[in-house]
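In what follows, chains carry the letters A, B, and so on, assigned in the order in which the sequence lines appear, proteins first and then strands, with residues in each chain numbered from 1. All values reported here derive from a predicted model rather than from experimental measurement.
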Number of protein chains: 2
Amino acid sequence: MATKQAVTANATDRFLNSDLATDIEFLTARTRALGSARANKLLTPLGLKVRSYSVLSLACSGLAPTQRELAEFLSLDPSQIVPLVDGLEQAGLVERTADPADRRSKVITGTAAGARLYKKARAATAEGETVTMSKLSESEQETLRDLLSRVAFCAE
Amino acid sequence: MATKQAVTANATDRFLNSDLATDIEFLTARTRALGSARANKLLTPLGLKVRSYSVLSLACSGLAPTQRELAEFLSLDPSQIVPLVDGLEQAGLVERTADPADRRSKVITGTAAGARLYKKARAATAEGETVTMSKLSESEQETLRDLLSRVAFCAE
DNA sequence: CTTAATGATTGACATTTTCAAGTATTTACG
DNA sequence: CGTAAATACTTGAAAATGTCAATCATTAAG
């Protein structure tokens with residue numbers, strides 16, 4: 001079996017020199033698929049997914065995001081934020097508060113229970129990230145983080 | 001208006017120091033969202049999307065991928081490959097051939113028309129990538145590509 | 001030769017994405 | 001002030017995507 005595998009290369013190896021394998025678009029998609037599958041698996045026992053975790057994280061950040069800001073930052077449609085916050089709110093993890101300065105906006109803040117769960121969830125995703133990045137040294141991981149932020153937060 | 005914008009920071013800037021903004025999972029998701037929106041826009045005039053482009057790319061690579069290999073490499077379920085190949089096949093861009101060595105497998109190869117379209121599509125996505133990566137120097141882009149491949153093709 | 005495993009396909013179902021329209025509120029401007 | 005335009009959230013519908021189990025044809029294993 002092991003020898004057979006060595007002879008019949010798997011797709012991942014076979015296409016390593018294809019055009020696609022050098023395409024940033026493709027590499028980010030594949031990295032994300034790997035990472036988010038892993039993260040979702042680790043978050044499931046906590047009743048979260050990558051999406052709800054992201055909302056919870058910002059809700060617990062102390063930065064008092066509005067739903068519009070959540071949509072913008074998470075690259076989602078504003079209408080997608082509604083059920084995400086609904087779920088977290090019904091679970092008692094976050095609260096919607098009308099912004100006194102602009103009552104159209106609703107500020108999302110984490111509750112005490114939300115903060116407790118976030119702490120655990122953050123540990124879970126950190127563990128997933130460790131696995132995902134295990135092929136890179138610490139300094140390479142920092143480099144990757146830096147390069148990706150510069151691309152991801154490009155003003156356009 | 002311009003002054004107002006400067007005072008009221010947008011979400012992207014406001015959350016730059018949040019936990020999430022240093023999360024690789026999140027950074028890859030956001031980078032991918034930016035990049036794939038851009039790529040899809042450039043591919044639309046050619047009748048392609050990022051997905052069908054990826055299949056076409058491998059079909060035209062000369063590496064004769066089977067559908068199972070496409071699924072594996074593109075992080076998709078095998079059943080998702082079927083309609084993707086259907087579409088390209090109906091457009092005369094690729095062909096399904098039963099693998100003589102294993103007639104369960106179907107090898108996907110690009111037609112002449114497929115190769116012509118792929119050439120244009122590749123130029124389009126390359127242009128998108130140039131825009132997406134414009135904040136990075138050439139050597140930084142190479143570093144990013146290298147680090148991402150090592151994560152994306154991690155054996156697990 | 002029989003059984004188990006694999007690759008493609010289909011169909012059912014859930015989730016996610018995308019949009020357009022509606023309500024409440026705020027901003028811009030005459 | 002008062003009206004019109006813009007903004008934030010919400011709703012709902014339609015399309016696209018993801019997930020999974022079952023089926024058929026073929027191959028591999030015993």
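Across the interface with DNA chain C, nearest-nucleotide mapping of A:K49 and A:P100 shows A:K49 to be the residue nearer the 5′ end. Mapping B:P83 and A:D77 onto DNA chain C via the closest heavy atom, the residue that lands nearer the 5' end is B:P83. Mapping A:K106 and B:D99 onto DNA chain D via the closest heavy atom, the residue that lands nearer the 5' end is A:K106. Heavy-atom distances to DNA chain D give each of A:T66 and B:S75 a nearest nucleotide, and the one nearer the 5′ end belongs to A:T66.
What separates CD of A:E89 from P of D:dT10 is a distance of 9 Å, to the nearest Å. If you take CG of B:L74 and C1' of D:dT17, they are 14 Å apart, rounded to a whole angstrom. The distance between atom CD of A:E69 and atom C1' of D:dC9, rounded to the nearest whole Å, is 14 Å. Taking atom CD1 of residue B:I108 and atom P of nucleotide C:dG7, one finds them 14 Å apart after rounding to whole Å. Here the P atom of nucleotide C:dT23 and the CD atom of A:Q67 are 19 Å apart, to the nearest Å. Rounded to whole angstrom, the span from the CG atom of B:N40 across to the C1' atom of D:dA15 amounts to 14 Å. As a whole-Å value, the separation of B:D86 CG from C:dA8 P is 13 Å. What separates CD1 of A:I81 from C1' of D:dT7 is a distance of 16 Å, to the nearest Å.
Side chain of A:R145 to backbone of B:T22: a donor-acceptor contact under 3.5 angstrom is found. B:S57 contributes no side-chain N or O that, together with a main-chain N or O of B:Y53, makes up a donor-acceptor pair within less than 3.5 Å.
For D:dA8, one of the phosphate oxygens OP1 or OP2 lies less than 4.0 angstrom from a side-chain nitrogen or oxygen of A:R68. Of the side-chain N and O atoms in A:Q80, none sit less than 4.0 angstrom from OP1 or OP2 of C:dT18. Of the side-chain N and O atoms in A:R103, one or more sit less than 4.0 angstrom from OP1 or OP2 of C:dT25. OP1 or OP2 of C:dT9 has at least one side-chain nitrogen or oxygen of B:R96 nearer than 4.0 Å.
By the 30° and 60° cut-offs, the orientation of the rings of A:F73 relative to B:F15 is perpendicular.
Of the listed nucleotides (D:dT26, D:dC9, D:dT17), D:dT26 has the atom at the smallest distance from the side chain of B:R104. Comparing C:dT17, C:dA8, C:dT25 by their closest approach to the side chain of A:D102 singles out C:dT25.
With hydrogens and angles left out, the side chain of A:S79 and the base of C:dC19 share a donor-acceptor pair within 3.5 Å.
Within the nucleic acid shown, A:S105 comes within 4.0 Å of sugar-phosphate atoms alone, with no base atom in reach, counting heavy atoms only.
Residue B:L148 is grouped with residue A:L136 when hydrophobic side chains (ILVMFWY) are merged at heavy-atom distances under 4.5 angstrom, including chains of intermediate members.
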**Study point:** Full working for salt bridge (charged side-chain N to carboxylate O under 4.0 Å, His left out) between B:D86 and B:R96
**Key:** CA-CA 9 Å; B:D86 283 350; B:R96 273 185 173 95; 2.9 Å; yes

